[in-house]
Amino acid sequence: MRIGIVCYPTFGGSGVVATELGLEMAALGHQVHFISYSQPVRLDLFADNVYYHEVVVRDYPLFDYSPYELVLTSKLVSVVKNENLDLLHVHYAIPHASAAYMAKKILKEDGIDLPIVCTLHGTDITLLGRDASFEPVITFAINKSDAVTAVSESLKNDTYNHFNITRHIDIIPNFINLTRYKGLKPNSIKSRYAPQGQPILMHVSNFRKAKRVEDVVKVFAGVRSKMNAVLLLVGDGPERYNVEQMCRQLGICGDIHFLGKTKDVEQVLMNGDLFILPSETESFGLAALEAMAAGMPVISSNSGGLPEVNEHGYSGFISNVGDIEEMTHNALKLLEDSAMMESFRKQAYLQAEKFSLPQILPHYIELYNKLLLPLEESATN
Ligand code: GMT
């Protein structure tokens, strides 16, 4: 197959999933073309069968806002034609699905039939998509894609509840490449930030409001009042300043460390004991899955798709959004009982295995084949 993948190149989970999926398809011998405005963080350009096409938006004095979607559409048309792509898989509805639809229509004029797969990731539906300024376009683009997948049952339901969707949506959960974790051991991060061997609590996110990083700090403050521990905050974003302020107010700055963004999240996670993800909305929670792959139990909220990923009482514990008291209680329950912690560590990894690449990848391949088969049949007839 010759597949085009459109994604956001940044640290968000949708970009990570799109990149890992493309790299895996390339490893299986398919030709994969990534199309984005900057090189996706996880993209290995030296891997066989992998190509990258940058969408370059020029500034014209005429425009206050450069029309990225139009430039992307033209790029899609050009890459599909020049590279003979068989299908396009767009990740994140806005604006990728609508740009892909327009590209499809343009290509049709030249007799090219291009199937479009659209994967919904979360904020494109739960946040942006509901905005009246996007809603009609998103509804249309979802209804007109040839296949649509959502990363959790919860996201699928949200999509049906908030949009006038007249088509089938497949659920293909996010996945984890466990080989990235094989052989990794805790490294100097542990001795540097927890020199007395105290437990390390961790949180990884883009520090947006929806992540409720302040709740992470509150849970940590509760834990810290009962035992020696440190909190490592990984990532960066708009809420960081407020969170730093809060640490100062609580007088626990010395035990909270901001590590910033990292490309090496797997290695950092290997040093943690307990992961905290108290999000307000989370269609899946890839960060929780990554933590579990590193053998870390997860204390999370029950929002969106999190209960599908973090099994309560097995890979960790879930609580209502904002229930700091219960999250703190569950965190202490694990941290104070080493036998229980050990079982949960093992169970967290077993839970991650349910979402491992070999479990999930065949669903995408099956979907691609289903879309391509009718085209092959009509070409041979
Ligand atoms: O969480 C974000 O703000 C980023 C966003 C993205 O597009 O990467 O994450 C969404 O997609 C991830 C990958 O499918 C999911 O694991 C996240 O749960 C989802 N975020 C939200 O729903 C808030």
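Contact between Ser300 and Asn310 at its shortest, heavy atoms only, is OG-ND2, 3.1 Å. For Cys118 against Ala97, the heavy-atom pair with the smallest separation is SG-CB, 3.9 Å. Residue Asn49 comes nearest to His30 through the heavy atom pair CB-O, 3.2 Å, listed as atom of the first residue, atom of the second, then distance. Gly22 and Ile5 make their closest contact through CA-CD1, 3.5 Å (heavy atoms, listed as atom of the first residue, atom of the second, distance). Contact detail for Ser356 and Leu178: the closest heavy-atom pair is CB-CD1, 3.7 Å. Of all the heavy atoms in Arg58 and Ser66, the pair that sits closest is O-OG, 3.6 Å.
A perpendicular orientation is assigned to the rings of Tyr68 and Tyr37, their planes being inclined by more than 60° (bins at 30° and 60°). The aromatic rings of His89 and Tyr364 are tilted relative to each other, their planes meeting at an angle between 30° and 60°.
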With salt bridge (charged side-chain N to carboxylate O under 4.0 Å, His left out) as the test, would you mind laying out the steps for Arg42 and Glu266 before giving the verdict?
CA-CA 12 Å; Arg42 292 242 182 137; Glu266 297 87 2; 3.5 Å; yes

Evaluation steps, salt bridge (charged side-chain N to carboxylate O under 4.0 Å, His left out), between Arg208 and Glu239
CA-CA 6 Å; Arg208 292 202 193 124; Glu239 285 302 301; over 6 Å; no

Which is it for Asp170 and Val148 under the side-chain contact (heavy atoms from CB on, under 4.5 Å) test, yes or no, and what are the steps along the way?
CA-CA 6 Å; Asp170 286 300; Val148 177; over 6 Å; no

Criterion side-chain contact (heavy atoms from CB on, under 4.5 Å) on Lys104 and Asp113, from CA distance to verdict:
CA-CA 7 Å; Lys104 184 183 169 90; Asp113 210 345; 4.2 Å; yes

Steps toward side-chain contact (heavy atoms from CB on, under 4.5 Å) verdict (Phe34, Val32)
CA-CA 7 Å; Phe34 287 90; Val32 181; 3.8 Å; yes

Verdict with supporting geometry, Arg180 and Leu184, side-chain contact (heavy atoms from CB on, under 4.5 Å)
CA-CA 8 Å; Arg180 282 184 176 270; Leu184 289 181; over 6 Å; no

What do the steps show when you test Thr119 against Thr149 for side-chain hydrogen bond (donor to acceptor under 3.5 Å, both in side chains), and what is the final call?
CA-CA 5 Å; Thr119 290; Thr149 75; 2.7 Å; yes

Can Glu69 and Ser98 be said to form a side-chain hydrogen bond (donor to acceptor under 3.5 Å, both in side chains), step by step?
CA-CA 8 Å; Glu69 191 168 348; Ser98 44; 2.6 Å; yes

Kindly indicate, with the supporting measurements, whether the criterion ring pair (Phe, Tyr, Trp, His ring centres under 6.0 Å) is fulfilled by Phe344 and Phe317.
CA-CA 10 Å; Phe344 271 67; Phe317 292 103; 5.2 Å; yes

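The pair Arg240-Glu244 meets the salt-bridge criterion, since a charged nitrogen lies less than 4.0 angstrom from a carboxylate oxygen. Salt bridge status for Arg2 with Asp86: absent, with no side-chain N to carboxylate O gap under 4.0 Å. Salt-bridge formation is not detected for the pair Lys75/Glu54: no Lys NZ or Arg NE/NH1/NH2 atom is positioned less than 4.0 Å from an Asp or Glu carboxylate oxygen.
For an aromatic pair to be called close, the ring centres must be under 6.0 Å apart, and His53 with His33 satisfies this. You'll find the ring centres of Tyr181 and Tyr349 outside the 6.0 Å limit. Phe355 has its ring centre no less than 6.0 Å from the ring centre of Phe175. Side-chain rings of Phe284 and His121 stay apart, their centers remaining 6.0 Å or farther from each other.
Counting heavy-atom neighbours within 6.0 Å of Lys209 NZ, excluding the residue itself, gives a total of 12 or less. In this structure, Glu325 places its CD atom where only 12 or fewer heavy-atom neighbours from other residues, nucleotides or ligands lie under 6.0 Å away. The number of heavy atoms from other shown groups lying within 6.0 Å of NZ (Lys105) does not exceed 12. By the neighbour-count criterion of 12 heavy atoms within 6.0 Å, atom CE of Met1 is densely surrounded, having more than that number from other residues, nucleotides or ligands.
Screening Asn174, Val268, Leu269, Asn177 for a side chain to side chain contact (heavy atoms under 4.5 Å, CB included) with Glu290, the sole residue that qualifies is Leu269. Considering Glu282, Glu280, His203 as possible partners of Lys211, the one that fulfils the side-chain hydrogen bond (donor to acceptor under 3.5 Å, both in side chains) test is Glu282.
A 4.5 Å side-chain heavy-atom check between Leu259 and Tyr193 finds at least one atom pair inside the cut-off.
For Asp323, the side chain to side chain donor-acceptor pair (under 3.5 Å) criterion is met by no residue, not counting sequence neighbours. Taking the ring pair (Phe, Tyr, Trp, His ring centres under 6.0 Å) definition, one finds that Tyr101 meets it with Phe140, sequence neighbours left out.
In this structure, CD1 on Ile365 lies 9.0 Å from CD on Glu24, to the nearest 0.5 angstrom. The structure places CZ of Phe220 at 11.5 Å from OG1 of Thr328, a figure rounded to the nearest 0.5 Å. Put simply, CG on Leu120 and OG1 on Thr159 are 5.0 Å apart, with the number rounded to the nearest 0.5 Å.
Hydrophobic clustering (ILVMFWY, side-chain heavy atoms < 4.5 Å, transitive): Val77 and Ile116 are in one cluster. The hydrophobic cluster containing Ile106 also contains Leu87, counting ILVMFWY residues as joined when their side-chain heavy atoms lie under 4.5 angstrom apart, directly or transitively. Under the 4.5 Å side-chain heavy-atom criterion for ILVMFWY residues, no single connected hydrophobic cluster contains both Ile189 and Leu274. Criterion: ILVMFWY side-chain heavy atoms under 4.5 Å apart, direct or through other members. Under it, Val321 and Val216 are not part of a common hydrophobic cluster. Hydrophobic clustering of Ile, Leu, Val, Met, Phe, Trp and Tyr side chains at less than 4.5 Å, counting indirect connections, unites Val55 with Val90.
Using modelled atom types, one side-chain atom of His96 and one backbone atom of His91 make a donor-acceptor pair closer than 3.5 Å. Using a distance-only test at 3.5 Å, with no hydrogens or angles considered, a donor-acceptor pair links the side chain of Gln351 to the main chain of Val309. Under a 3.5 Å cut-off, the side chain of Ser145 and the backbone N or O of Ala147 do not form any donor-acceptor pair. Between the side chain of Asn161 and the main chain of Asn157, a donor-acceptor pair closer than 3.5 Å is present. In this structure, Asp110 contributes its side chain and Lys81 its backbone to no donor-acceptor pair below 3.5 Å. A donor-acceptor contact shorter than 3.5 Å is absent between the side chain of Glu308 and the backbone of Ser152.
Side-chain N/O atoms of Asp131 and Ser133 include a donor and acceptor closer than 3.5 Å. Between the side chains of Ser338 and Glu342, no donor-acceptor pair of N or O atoms lies under 3.5 Å. Donor-acceptor pairing under 3.5 Å is recorded for the side chains of Thr123 and Tyr92. In this model, a donor atom of one side chain and an acceptor atom of the other lie less than 3.5 Å apart for Glu326 and Ser319.
Evaluation of the salt bridge (Lys or Arg N to Asp or Glu O under 4.0 Å) test over residues 354-372, restricted to residues two or more places apart or in two chains, returns Glu311-Lys354.
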